[in-house]
Every structure is written in C-alpha cells, then in structure tokens.
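First up is the structure itself, then whatever we jot down about it.
We count residues from 1, following the sequence as given.
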Amino acid sequence: MGMKIQTIRQIRLRIQEELRDLYPEAEISALTNLILKTIIKDLKLHQIHEGATEITGENYAAISQIVCELKKGKPIQYIIGHTIFYNCTIEVNSATLIPRQETEELVDLIIRENPDFRGTITDIGTGSGCIAIALAANLPGASVTATDISAEALETARRNALINRVNITFLEDDILEKADKQGISADIIVSNPPYIRHSEKKYMHRNVLEYEPAGALFVDDSDPLKYYRAILTRAEKWLASQGKIYFEINEALGCEMSELMNLSGYSEIIVMKDLNGKDRIVKGRKNG
C-alpha cells in the first residue's frame, strides 16, 4: 500500500487489490471492516459504508502494516491481538490457538444443557481460556477451574479472565503425566485437546500451519486419541459420579470416541454434528 490514500472508500479499494489473490471477496470485506474498526476507534457504521471519511497519516500507516502482515499469511486475530468468542474479548498470541466457531458450539451446548448450573466445571487444556471464560461469564453460579501444560498460555488466560471480569482458578498441569498433582473435583469436565492428525496437515491453510502453536493442534496418527484417554483417566478421580463430560473431537473419529467413552464407563453417550454437518462434539455421563 505505497500510495497515499485519503478516504475510507480508497482504503477499501486498495485493500481489495492487495489481498484479492489471497482471500475470497467476502472475507476481504470482513477483514477490511475489522481493520477499520480496530484502527479508527470512534468510526461509525455509516462512515464505513459511505466511505467519504478521510484517514489520518498515522491511521493509514497502521492499516498498511496490518495489510502487510496479512499478505504474509498471518491471521488477523494475531495481528490485532484479540478476537471475540461467545461475546467475550479474548486476547490471542503465538502461545494460544485462535478460538473457532466449532468451539463456540461446544460452549453453547454446555450452557444450554446446564441452565442455572451451580456446580464445578474444569476445562482441560484451556489455552487462551476462551471456553472457561465463556462458561464462567454465562453460568455465574459455577465454580470454574482451567488447566494447561503451557505457562505462557496460562498467563494469557489469566489476562483474559481479568479482561472479562470472571473468577477462574488456573492450574499448570500435564494431562499426560500419570501423577495427579491437582486433586480436582468437577461436576462437568470439558476439553478441546489436540486432535488433528499429522497426516491431515496437507489439507490445512498456511496461516494455521505457520502461526498457530503446533502442540495445541496436532497428534500422531498412530495414537490420535491419546489426549482423550489421558483425560478420561484423570476423570476417574476428578469427575463426580453422574458428572458430565464434553469433548470437541476430530470429525473422522466420532465412532472411535464413542467406543472409548463406553469402555471408560460412560453412558448417555452422544456424538453431535457441528453447523457444517461434521461430527464435532462427544458428550456423556459418568456411571457410578
């Protein structure tokens, strides 16, 4: 974006020109609106659409920098440093995944199925804290705990809890360790662990592969359910009798997950599809 641009209309045209070979037109339009609202804080909706508002040199430079980063494939959420998840503002960075729509569907299911919940919830592998924070914000009677192996991710999650004014207990924990150092007690356990097999990388966009933390995404093809097995092992101690467990899963492994939960002593097991018609959530109730 080398030439000097004076108005929002010219900005929009220039961004479209810069990004047209990288993103679909509808996505460019959405990105442009987000960029404008992020950089020009008091910008009104009608000003975006009318396009006659002039841009200061400082704002133009900031917009140009964002477009430059987008052309490198960097996700817009990492560029501006945050995203919106279930009406919560969530800071994201290289230590955390960018929350997805599918995970919002998981949160929405838990909230709808547990209205006026007054018990304890544990989010395993919390990352940015988005699941725990959205649940705490929408189920104010719940006591929420969130764990993660990454100290850096937990630091981000703590900031996000402050931003959204919710009270959450954060604990550093490696779910693959056999020793249970936390002694957690939960009525609901929820987790979105790594579930993308390494063989599936070839289907993924470069902005995910090059920028998002691989450790939070990928699992070996030889043992794609290892995190779920580890969580279910912890749940033997952590989850109350008749407690509920909710997982986000790989769309190709719904049957395998259902079988694993059945063997682990769960009933009322249901594999649920996301808005795109793919197996995405497994839930069940602990027997005993």
Side-chain angles (χ1 to χ4, degrees), residues 1-105 107-108 127-128 130 133-134 156 159-160 163-164 196 200-214 216-217 274-278:
M1 296 180 67
M3 62 177 284
K4 186 176 180 181
I5 297 177
Q6 297 292 331
T7 67
I8 286 177
R9 184 179 298 108
Q10 290 170 307
I11 284 279
R12 296 188 72 92
L13 290 172
R14 189 68 178 187
I15 292 175
Q16 185 174 27
E17 180 181 331
E18 294 277 346
L19 300 180
R20 65 184 176 188
D21 294 331
L22 300 172
Y23 301 94
E25 186 174 339
E27 188 170 354
I28 293 173
S29 178
L31 285 169
T32 302
N33 289 343
L34 180 56
I35 292 168
L36 290 168
K37 287 187 285 187
T38 298
I39 298 302
I40 309 171
K41 304 296 183 184
D42 58 350
L43 191 65
K44 303 295 188 295
L45 188 62
H46 74 274
Q47 292 176 308
I48 292 178
H49 292 295
E50 290 171 0
T53 301
E54 293 188 353
I55 304 297
T56 66
E58 182 179 353
N59 285 338
Y60 172 66
I63 292 169
S64 297
Q65 182 60 40
I66 290 176
V67 173
C68 183
E69 293 293 310
L70 284 171
K71 290 174 71 174
K72 296 176 184 177
K74 190 172 185 178
I76 185 66
Q77 295 90 341
Y78 287 153
I79 298 171
I80 65 176
H82 70 272
T83 189
I84 302 299
F85 178 87
Y86 212 82
N87 295 323
C88 297
T89 299
I90 301 296
E91 177 185 319
V92 291
N93 52 47
S94 59
T96 65
L97 293 179
I98 298 167
R100 264 59 173 195
Q101 173 185 294
E102 294 88 348
T103 309
E104 283 192 302
E105 293 179 45
V107 166
D108 186 64
S128 66
C130 62
I133 289 165
T156 302
R159 288 197 299 272
N160 282 327
I163 290 169
N164 291 280
I196 302 172
E200 295 170 318
K201 285 183 178 180
K202 59 189 175 184
Y203 304 115
M204 300 178 70
H205 197 280
R206 59 177 280 216
N207 61 5
V208 176
L209 297 174
E210 294 179 9
Y211 290 96
E212 299 202 48
L217 286 168
D274 61 22
L275 291 177
N276 294 312
K278 299 177 180 179

Can you tell if the side chain of Pro99 reaches within under 4.5 Å of the side chain of Thr83, non-hydrogen atoms only?
yes

Residue pair Thr156 / Asn93, side-chain donor-acceptor N/O under 3.5 Å:
yes

Does any donor atom in the side chain of Gln65 or Glu69 lie under 3.5 Å from an acceptor atom in the other side chain?
yes

Do Leu275 and Glu105 have side chains that get closer than 4.5 Å, going by heavy atoms?
yes

Can you name the nearest heavy-atom pair linking Ile28 to Tyr23, along with the distance?
CD1-O, 3.4 Å

With the side chain counted from C-beta on, respond yes when Gln16 and Glu25 share a heavy-atom pair under 4.5 Å apart, and no when they do not.
yes

Quick one: pull up CZ in Phe85 and OG in Ser128 and give me the separation to the nearest 0.5 Å.
7.5 Å

Is there a donor-acceptor pair under 3.5 Å between the side chain of Asn160 and the backbone N or O of Glu91?
yes

Which residue in the set Ile66, Ile55, Thr56 passes side-chain contact (heavy atoms from CB on, under 4.5 Å) when paired with Ile39?
Ile66

Please determine whether a side-chain nitrogen of the Lys or Arg among Arg100 and Glu212 lies less than 4.0 Å from a carboxylate oxygen of the Asp or Glu.
yes

With heavy-atom distances below 4.5 Å as the criterion, would you say the side chains of Ile35 and Leu70 are in contact?
yes

Heavy atoms, side chains only, cut-off 4.5 Å: are Glu104 and Asp108 in contact?
no

Which atom pair, heavy atoms only, marks the closest approach of Arg12 to Asn33?
NH1-OD1, 2.7 Å

Between Leu36 and Ile63, is there a side-chain heavy-atom distance shorter than 4.5 Å?
yes

For Asn276 versus Glu102, what's the shortest heavy-atom pair and its separation?
ND2-OE2, 4.3 Å

So, taking the atom named CD1 in Ile98 and the one named CD in Gln77, what distance separates them when rounded to the nearest 0.5 Å?
4.0 Å

